[in-house]
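All values derive from a computational prediction rather than experimental measurement.
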Amino acid sequence: MTLRGLLVDYGGVLTTDVFASFDAFCAREGLPPGTVRDLFRDDPAARSLLGGLEDGTLPDAEFEAGFAALLGVPPEGLIERLLGSTTADVAMLDFVRAARGRGIRTGLISNSWGSQRYDRILLDELFDGIVISGDVGVRKPDPAIYVLGAAAIGLQPHECVYVDDLPGNLKPARALGMTTVRHRTPDETLQFLEACLQ
């Protein structure tokens, strides 16, 4: 199996675990572990706020005010506080950079968390195509965003492998014909990608 394109998620793939950062936030704020995750999973108001943030219809400050009220914490800088414990995953970044260097088409498909979360200079270095949900007005797992991701690197979905840490984001990509890998650890993911991208 040899594929021509590598499409990756951002948070939790090119960075360390987002959910671990959520729990670090909970610890700092005196909230029970899992509070953020559980709200996004189970609370319709929280899910609506996240959807608006990710598709670009809700300004950062409005998300922060609404979600802070659900959490019972101050809203100032909430996005940064939630994601502040994530760090770059150097092994994954290096692999994407090297893959592009040897002629693999590389692309980003990311559900955005606010307008200032991305190092655009770095993204331009790593990727031939960039699809960020807040920029295009559609978010994962809508199949349309995966079609946009493949098109952004000049390929068809079946020519691409897609990496995401959330299983629900992989299912529609797979249905379009993409090869998919759930990211758990860099070692596991990179072993799989090496086999796909000769």
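- Arg97 places no side-chain N or O within 3.5 Å of a backbone atom of Met92 that could act as its donor or acceptor partner.
- In this model, a donor atom of one side chain and an acceptor atom of the other lie less than 3.5 Å apart for Arg28 and Ser85.
- Using a distance-only test at 3.5 Å, with no hydrogens or angles considered, no donor-acceptor pair links the side chain of Thr189 to the main chain of Pro186.
- Within the structure, side-chain hydrogen bond (donor to acceptor under 3.5 Å, both in side chains) contacts touching residues 11-25 (residues at least two apart or in different chains) do not occur.
- No donor-acceptor pair under 3.5 Å is formed between the side chain of Asp142 and the backbone N or O of Ile145.
- Between Arg105 and Asp128, at least one side-chain N (NZ, or NE/NH1/NH2) sits under 4.0 Å from a carboxylate O, which counts as a salt bridge.
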*ring-ring contact (aromatic ring centres under 6.0 Å, His included) between Trp113 and Tyr10: does it pass, once the steps are laid out?*
CA-CA 10 Å; Trp113 261 72; Tyr10 186 81; over 10 Å; no
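- Evaluation of the ring pair (Phe, Tyr, Trp, His ring centres under 6.0 Å) test over residues 119-167, restricted to residues two or more places apart or in two chains, returns Tyr146-Tyr162.
- For Arg100 and Glu125, the salt-bridge test fails: no basic side-chain N is under 4.0 Å from an acidic carboxylate O.
- Ser112 places a side-chain N or O within donor-acceptor distance of the main-chain N or O of Glu54, the cut-off being under 3.5 Å.
- Residues Asp55 and Thr57 have side chains that bring a donor and an acceptor to within less than 3.5 angstrom of each other.
- Val181 places none of its side-chain heavy atoms less than 4.5 Å from the side chain of Asp164.
- Using a 4.0 Å cut-off between charged side-chain N and carboxylate O, Glu29 and Arg81 make a salt bridge.
- For the pair Asp42 and Arg47, the salt-bridge criterion is not met [side-chain N within less than 4.0 Å of a carboxylate O].
- Each of Met178 and Leu166 belongs to its own hydrophobic cluster when Ile, Leu, Val, Met, Phe, Trp and Tyr are linked at side-chain heavy-atom distances under 4.5 angstrom.
- Note on Val163: it does not cluster hydrophobically with Val131, by side-chain heavy-atom contacts below 4.5 Å among ILVMFWY residues.
- Taking the six-membered ring for Trp and thresholds of 30 and 60 degrees, Phe19 and Phe22 have ring planes more than 60 degrees apart, a perpendicular arrangement.
- Grouping the Ile, Leu, Val, Met, Phe, Trp and Tyr side chains by contacts below 4.5 angstrom, directly or via other members, places Ile79 with Val18.
- For Thr106 (side chain) and Leu126 (main-chain N/O), a donor-acceptor pair under 3.5 Å exists by modelled atom type.
- In summary, the side chains of Tyr118 and Ser110 do present a donor paired with an acceptor at a separation below 3.5 Å, with no hydrogens or angles considered.
- A distance-only check finds a donor-acceptor pair linking the side chain of Glu159 to the backbone of Gln156 [under 3.5 Å].
- Under the 3.5 Å distance criterion, the side-chain polar atoms of Lys140 are matched with a main-chain donor or acceptor of Ile109.
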